[in-house]
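Everything on this sheet refers to the single structure shown next.
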Amino acid sequence: MTDYGVAIGWRPEIAGYVERLPGLRFTEVVAESVHPHAVDDGLRRLVDRGVCVVPHGVRLSLGGAEPVDDTRAAHLAQCAAALRAPLVSEHIAFVRAGGLEAGHLLPVPRTRESVDAIVANVRRAQAALGGVPLALEPIAALFDWPDPELTEGQFLTEILDRTGTLLLLDIANIYANARNRGESPTALLDELPLERIAYVHVAGGSEHDGYYHDTHTDATPPAVLELVKELCARSTPPALMLERDGHYPPAADLTRELDAIAAAAGRPPIT
Amino acid sequence: MTTSIVAGPGDTWGVPGPQFLWLYFGLAALAIITVLIWRRSYTGGPSLRNAPNLTATQAALINGDRRLAIYSSLAALRAAGAVESDSRGTLKQLNHPPVDSSELDRAVYAAAGRQVTAVAAQSDKAVRALLDRTEAELAQQGWILDEPARRSVRQGALVVFAVVALGIARVVAGVSNDRPVTNLVLLMIPVIVVAFALLRVPRVSAAGKRQLTRMRGRVQHLSPRQSPSWSTYGPQDAALSVGLFGVGAFWLADPAFAEAAELQRNVAQTGSGYYSSGSDSGSSSSSSCSSSSSSCGGGSGCGGGGGCGG
């Protein structure tokens with residue numbers, strides 16, 4: 001895969017900042033906010049500039065008990081076509097069950113049964129995507145379902161192997177999960193199929209009552225940057241993207257954060 | 001009986017009806033075209049080719065009014081954390097405004113030090129003097145038309161009204177002479193409509209409107225549709241966002257302050273955002289800003305951005 005270097009997620013609120021980054025070669029847009037027939041002018045300019053814009057789904061509910069909605073999967077495919085994206089991404093999570101919308105990405109139990117259900121959903125989504133590669137992102141979980149039959153690494157590897165999908169690794173999730181379970185983040189990293197990484201999410205979080213929350217509204221903490229360094233010592237991810245979803249800081253702070261990620265990953269700065 | 005185009009003894013003013021109709025038509029057309037060309041010298045405005053970008057204050061004054069100019073400065077001051085408002089709408093100073101603040105930002109900041117409301121800031125002496133000067137400059141450069149200019153332009157309509165008066169005189173004479181006047185009356189109707197239309201003079205020149213549209217296109221990321229982050233873009237872009245796109249940008253970026261400072265919701269509203277729909281139900285008394293305000297919402301167009309996902 002092409003090496004895209006450091007990146008930042010495109011969000012309407014900071015679109016002007018993202019567009020002005022001279023070294024930007026990769027970004028991601030929340031797929032549910034894209035109208036394939038009326039793509040935002042700013043996004044269109046990025047695509048025309050040759051920036052790789054990946055549609056990132058949040059509502060497909062691949063981890064749900066019921067089959068994925070084909071129209072949602074088809075929308076993802078239309079976004080990919082409209083943005084000339086080489087791949088799309090989604091979460092391994094469920095967002096609705098029994099007709100109720102959770103409004104959140106909820107974790108899936110790590111059992112063989114749920115692996116089978118997810119694999120079936122992913123295959124159905126792949127059919128609707130019509131050949132556009134799909135990258136799957138495990139989510140941060142504040143709790144685990146009881147009695148997991150598989151470790152996180154086994155669970156993921158099995159899903160990726162059986163469906164031929166790529167891994168969207170959220171390094172802040174790895175940090176959050178390991179910390180909240182009292183495990184070592186690097187040990188968790190070593191369990192994962194790093195050679196399947198499509199790209200990496202880097203994000204900030206904050207600590208409340210002894211738990212680390214993957215908020216995407218705070219600056220990336222040094223511990224996560226340290227983990228970026230560990231990751232890049234083990235593999236060469238095609239892109240490392242800062243994911244910021246709210247409480248947007250001044251442009252200078254974003255620039256500092258992007259430079260810090262570039263330094264940790266040993267990539268050239270894009271600012 | 002054949003209609004003669006040669007003047008006969010029964011013709012009103014010695015000019016036969018059909019001939020007068022042609023003459024009248026030519027005269028009316030000539031008058032209207034002349035007035036339109038003459039008007040254009042006032043309402044056209046300067047060439048955009050080498051025109052510099054408008055400042056936030058200038059954009060606000062062209063796009064809206066003095067209130068919007070104050071709001072755009074308040075946006076800059078809010079983005080810089082320089083002012084706050086108590087629950088009664090009284091402004092208070094916080095941090096010093098940044099060094100690159102505009103003159104109006106500094107004047108509004110100073111007014112905030114005298115504990116005025118956002119409405120009262122408009123009548124603050126220094127603020128008013130500054131707005132007077134900026135408006136005069138804009139009028140002098142041709143972006144907007146000041147009152148004397150609008151009055152002269154309005155007077156141009158008198159030429160067409162004179163043509164209308166001639167028609168009325170002919171109709172009166174024709175009726176008393178017992179001649180048919182229907183065709184002349186029918187011809188006069190559009191002339192009268194045009195005469196009244198020419199009484200309406202825009203406050204913003206054509207170039208002013210085009211310049212606003214051009215700048216909105218260049219800074220689409222500051223449109224309320226994108227819910228622009230003022231903290232990321234900084235004070236000057238926050239002010240420009242309000243100046244170019246109207247007060248809606250303020251309500252989206254800083255609703256708590258907009259509410260406390262009692263900012264009017266409907267000052268120069270252009271296409272409001274995905275996010276705002278439904279937020280204000282009854283309060284906006286549609287287009288209260290009268291005929292003079294430039295209601296044309298440029299820089300809009302459907303779709304795009306919005307709806308930040310999970």
Side-chain angles (χ1 to χ4, degrees), chain A residues 8-20 28-46 55-61 79 82 90-91 93 95-96 101-106 137 139 216-217 243-255 257, chain B residues 53 56 76 78-82 95 98 100 213-241 244-245 248-256 271-276 298-310:
Chain A
I8 181 170
W10 188 94
R11 302 290 181 267
E13 293 88 338
I14 54 168
Y17 172 80
V18 176
E19 194 174 336
R20 278 183 220 141
E28 172 200 88
V29 57
V30 173
E32 281 76 5
S33 75
V34 175
H35 305 276
H37 303 295
V39 174
D40 180 278
D41 290 342
L43 272 180
R44 168 74 48 222
R45 281 192 296 273
L46 286 179
H56 182 52
V58 295
R59 307 290 307 281
L60 212 49
S61 206
C79 290
E90 239 303 346
H91 300 87
V95 300
R96 73 184 67 80
E101 293 283 333
H104 264 287
L105 297 164
L106 296 172
E137 177 180 20
I139 63 162
H216 298 186
T217 57
E243 203 184 18
R244 183 83 187 210
D245 291 328
H247 281 138
Y248 299 99
D253 292 6
L254 281 177
T255 298
E257 206 172 337
Chain B
N53 280 337
R78 282 299 292 173
N95 309 322
D100 60 346
T213 307
R214 187 168 81 163
M215 282 190 65
R216 285 185 192 122
R218 280 183 193 158
V219 293
Q220 278 169 357
H221 60 280
L222 299 179
S223 156
R225 281 189 295 131
Q226 310 274 37
S227 269
S229 162
W230 285 3
S231 48
T232 300
Y233 294 130
Q236 293 320 307
D237 277 358
L240 196 57
S241 173
L244 283 174
F245 296 101
F250 214 128
W251 279 95
L252 282 162
D254 194 352
S272 63
Y274 274 48
Y275 299 81
S276 72
S300 50
C302 71
C308 121

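Numbers restart at 1 for each chain; the letters A, B, ... are given by sequence-line order, proteins then strands.
Neither the backbone nor the side chain of A:R244 comes within contact range of chain B; no heavy atoms are under 4.5 Å apart. Heavy atoms of A:L254 lying under 4.5 Å from chain B belong exclusively to its side chain.
How far CG of B:L252 is from CD of A:E13: 10.5 Å, rounded to the nearest 0.5 Å.
A donor-acceptor pair is defined here as one N or O able to donate and one able to accept, closer than 3.5 Å; no such pair exists between the side chain of B:S231 and the backbone of A:P250.
The shortest heavy-atom contact between B:Y233 and A:Y17 is CE2-N, 3.5 Å. When all heavy atoms are compared, the tightest approach of A:Y248 to B:S229 is CB-OG, 3.3 Å.
Considering only heavy atoms from C-beta on, A:E19 stays 4.5 Å or farther from B:Q220 through its side chain.
Applying the side chain to side chain contact (heavy atoms under 4.5 Å, CB included) rule to A:S61 yields the partners A:F94, A:V95, A:R96; only residues at least two apart in sequence or on another chain are considered.
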Checklist entry - After noting the C-alpha distance and the side-chain angles of A:D40 and B:Q226, does the key distance pass the side-chain hydrogen bond (donor to acceptor under 3.5 Å, both in side chains) rule? => result CA-CA 10 Å; A:D40 180 278; B:Q226 310 274 37; 3.1 Å; yes
